[in-house]
Amino acid sequence: MARKILCVAEKPAIARAVATHLSGGSFQTHAIRGNQYVKNYEFDFNFGGAWGNCSVTMTSVVGHLTGLDFDRQYRGWMSCPPGMLFEAPVQETVDQDKLPIADNIRNQAKYAKALFIWTDCDREGEHIGSEVRNQAKAGNARIEVKRAKFSNTESAHVRRAALEPVNLDEYQANAVAARIELDLRIGAAFTRLQTLQLQTVVAALKEKVISYGSCQFPTLGFVVDRYLRVKNFKPETFWGIKVILNREGKKVNFLWRRVHLFDRAVVTMMLERCLTAKQAKVTKVNQKPTSKWRPLPLTTVDLQMMGSRFLRLDSQTIMKVAEGLYTKGFISYPRTETDQFDKAIDLKKLIEKQYPDNAWGQYARELIDGKFRTPRSGRHNDKAHPPIHPVSWVSPNQLNSNEKKVYEFVVRRFLACCSEDAKGKSTEIEIQYGEEFFHANGLIVLERNYLDVYVYDKWESSQQLPNFELGESFEPTEANIFEGKTTAPNYLTEPELIGLMDANGIGTDATMAEHIAKIKEREYVATNQRGSGRTSVQELIPTRLGVALVEGYDNVVTGLPNSVSLSKPFLRKEMELRMLEICSGTKTRQEVVQQSLDMYREVFIHTQRRINMLKDACRKYLVESATS
DNA sequence: GCAAGGTC
């Protein structure tokens with residue numbers, strides 16, 4: 001009898017895709033008892049080498065199988081002082097709703113010679129792989145464990161992954177295990193401490209859960225930080241000089257090199273010197289070709305930021321829609337940090353698939369007929385997934401309106417990546433007038449190239465400048481002082497917040513939108529619509545509670561050496577660096593857990609000792625609110 | 001009643 005190999009993917013959609021490719025399309029599908037999504041697919045496949053022809057059962061989990069929690073006696077909020085949660089025993093158990101899936105793996109493993117793990121090729125995937133392995137080993141202690149390494153579900157790529165399995169990366173799995181333990185202990189300890197302490201302070205907080213999380217709090221911190229900058233903003237008046245020349249029927253505006261100054265008397269004096277000089281002299285005539293670069297290949301963070309801005313969908317909606325487009329096989333995996341295309345990927349074939357489209361099919365054809373350019377490469381590569389791109393064409397009438405928007409964006413972005421930069425000619429004229437320098441700039445767009453398909457970028461020709469000779473002198477038509485006021489920054493928008501989270505390593509591409517939703521749910525922040533119509537944006541404003549928490553924690557650590565406020569992203573960043581050390585083998589999981597716990601425990605002790613600062617902040621913002 | 005991370 002042929003040997004049996006059990007294959008387990010991270011999600012049902014991948015199990016099905018891999019089964020389709022390995023079997024050539026003919027396989028048997030079996031439902032499993034207790035879960036409507038997971039299926040077992042059976043077929044034969046020749047793995048080559050020592051394995052040869054095997055009968056395969058391909059199945060999946062649905063994300064993580066297990067969860068970590070405290071031992072039962074520590075789960076009640078009054079069962080122990082919150083600080084004990086830094087040491088309380090924890091246990092990993094299969095989630096209640098995942099029991100049938102775990103059963104399925106144990107049962108299937110009994111008859112299998114080997115287990116091939118087909119989880120996503122990222123850190124979490126490696127940990128999910130270890131969870132799968134544990135179940136398989138529990139069903140069959142002698143089962144051999146291999147891992148298929150693949151980063152997309154293109155047929156040839158999948159088949160090669162099956163023929164060249166590697167081993168599970170224990171380091172990466174351990175890094176995730178450390179992350180899970182730290183998030184649980186730290187999150188639960190601080191959440192219980194602050195909830196129990198603050199609930200009694202003001203009536204508004206009674207019954208409320210005031211959660212702390214290593215990602216939620218820095219996210220809140222960014223919102224409050226911007227809010228305070230807006231609130232504390234004091235407008236200042238400034239003055240500048242503008243010079244105008246009418247020539248060849250055109251009005252040229254020269255801008256001051258110094259832009260503006262905050263002292264009116266000084267500006268007046270400088271203008272007088274200009275006027276005294278009478279003649280301005282052309283000191284630079286610069287004409288040079290310029291270009292506007294086509295965009296980089298699309299990452300998740302970019303999709304969320306651009307999407308919020310141009311498609312008017314919030315980041316959670318965009319991800320949900322993109323997820324659906326991926327599951328239906330229209331676009332590639334939407335969670336990726338990679339902004340460079342692998343050389344092996346056949347971009348032209350993907351472009352050809354867009355020929356049937358009414359809006360951009362013609363553009364796709366022109367690319368293939370000679371305008372194709374190899375995409376630029378960004379600096380990120382998660383080594384797991386390619387940039388987001390369309391994998392097949394879908395007729396717009398098969399999509400709902402949100403799907404249409406997101407799909408169109410992904411396609412246009414992809415075609416733009418494979419296009420030539422936009423080309424233009426820029427002109428810069430510099431003049432010296434008295435002792436001051438001024439300049440005027442002109443732009444002529446010569447070739448739009450990628451701009452024709454990427455309608456989200458704007459690059460327009462400006463008014464053409466008249467001719468100037470280097471060294472020539474002229475008397476300006478007008479020169480005078482203008483006055484202005486500095487304006488306050490705006491409240492944070494969602495795309496800006498995602499950008500900050502990304503830059504500071506807060507959350508993953510898959511969870512950033514959830515953290516934002518969480519701090520809204522906790523009523524730490526609220527949204528407000530700024531402007532109306534097409535130009536409106538959602539802005540994030542902290543509630544009184546949100547401001548109180550950040551101010552309270554900032555006060556807790558002021559004056560203490562080496563302690564960083566929980567509202568800042570630094571602690572989380574450090575945790576991330578330590579996870580990387582586990583991945584590279586320079587630190588063990590235990591070392592990292594202990595070190596990180598020590599760091600957070602220190603902040604915890606300060607917080608307990610100075611809990612009044614937190615309480616005072618809540619009183620200050622929340623009691624006043626009752627009367628105002 | 002707590003976290004963040006997978007996925008449905």
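Chain letters run A, B, ... following the sequence lines, proteins first, then strands; residues in each count from 1.
- Using a 4.0 Å heavy-atom criterion, one finds that A:Gly63 contacts the bases of the nucleic acid, with or without backbone contacts as well.
- Within the 4.0 angstrom heavy-atom criterion, base atoms lie near A:Lys98.
- Looking at A:Glu523 and A:Arg544, no side-chain N of the basic residue comes within less than 4.0 Å of a carboxylate O on the acidic one, giving no salt bridge.
- Using modelled atom types and a 3.5 Å distance limit, the side chains of A:His385 and A:Glu337 yield no donor-acceptor pair.
- Among the protein residues, A:Tyr333 comes within range of the sugar-phosphate backbone only, with heavy atoms under 4.0 Å from sugar or phosphate atoms but none that close to a base.
- In the set B:dA4, B:dG6, B:dA3, the nucleotide with an atom closest to the side chain of A:Ile128 is B:dG6.
- When the P atom of B:dC2 is taken as reference, atom CG of A:Leu198 falls 16 Å away, rounded to whole Å.
- One can place CG of A:Leu566 at 19 Å from P of B:dC2, the figure rounded to the nearest angstrom.
- Rounded to an integer number of Å, the gap from A:Glu323 CD to B:dG6 P is 11 Å.
- When the nucleotides B:dA3, B:dG6, B:dG5 are ranked by their closest atom to the side chain of A:Cys215, B:dG5 comes out on top.
- Between A:Leu597 and A:Arg185, some side-chain heavy-atom pair lies under the 4.5 Å cut-off.
- Residue A:His64 places its side chain closer to B:dG6 than to any other of B:dA4, B:dG6, B:dC2.
- Here the nucleotide nearest the side chain of A:Gln216, chosen from B:dG1, B:dC2, B:dA4, is B:dA4.
- Counting any heavy atom pair closer than 4.0 Å across all strands shown, A:Ala189 reaches no nucleic acid atom.
- Side-chain nitrogen and oxygen atoms of A:His515 include none within less than 4.0 Å of the OP1 or OP2 phosphate oxygen of B:dA3.
- Counting non-hydrogen atoms under 4.0 angstrom, A:Pro12 reaches the backbone sugars and phosphates but no base.
- Each of A:Asp95 and A:Gly187 lies near DNA chain B, and the nucleotide nearest A:Gly187 is the one positioned closer to the 5' end.
- Of the listed nucleotides (B:dG6, B:dC2, B:dG5), B:dG5 has the atom at the smallest distance from the side chain of A:Arg572.
- B:dC2 atom P lies 8 Å from atom CD of A:Glu521, rounded to whole Å.
- Distances were taken from every side-chain heavy atom of A:Thr195 (C-beta onward) to each of B:dA4, B:dC2, B:dG1; the shortest belongs to B:dG1.
- Between A:Ser211 and B:dA3 there is a side-chain N or O to OP1 or OP2 distance below 4.0 Å.
- Distance alone, capped at 3.5 Å, is enough to place a donor-acceptor pair between the A:Asp314 side chain and the A:Gln316 backbone.
- Classification of the A:Phe190-A:Tyr212 ring pair by plane angle, with boundaries at 30° and 60°, yields tilted.
- When the P atom of B:dA4 is taken as reference, atom OH of A:Tyr212 falls 8 Å away, rounded to whole Å.
- Protein atom CD1 of A:Ile519 is 17 Å distant from nucleotide atom P of B:dC2, rounded to whole Å.
- Comparing B:dG6, B:dG1, B:dC2 by their closest approach to the side chain of A:Leu196 singles out B:dG1.
- Across all strands shown, A:Leu85 has no heavy atoms under 4.0 Å from either base or sugar-phosphate atoms.
- At B:dC2, none of the side-chain N or O atoms of A:Arg185 fall inside 4.0 Å of OP1 or OP2 (strictly under the cut-off).
- A straight line from CG of A:Asp122 to P of B:dG5 spans 12 Å, rounded to a whole angstrom.
- Nucleic acid contact for A:Glu131: none, since no nucleic acid atom lies under 4.0 Å from a heavy atom of the residue.
- Counting only heavy atoms from C-beta on, A:Thr508 has its side chain closest to B:dG6 among B:dC2, B:dA4, B:dG6.
- Nucleic acid contact class of A:Asp97 (heavy atoms, under 4.0 Å, all strands): none.
- A:Trp77 qualifies as a stacking partner of the B:dG1 base, centre to centre under 5.5 Å and near-parallel within 30°.
- By the 4.0 Å N-to-carboxylate-O rule, A:Arg601 lies close enough to A:Glu87 to be salt-bridged with it.
- Across all strands shown, A:Gly125 has no heavy atoms under 4.0 Å from either base or sugar-phosphate atoms.
- Listed pair A:Arg123 / B:dA4 fails the phosphate criterion, with no side-chain N or O lying under 4.0 Å from OP1 or OP2.
- Nucleotide B:dA4 holds its P atom 7 Å from the NZ atom of A:Lys518, rounded to whole Å.
- Residue A:Glu207 is classed as having no contact, given no heavy-atom separation below 4.0 Å to the nucleic acid.
- Under 4.0 Å is where a charged nitrogen must lie from a carboxylate oxygen, and between A:Glu576 and A:Arg123 at least one such pair does.
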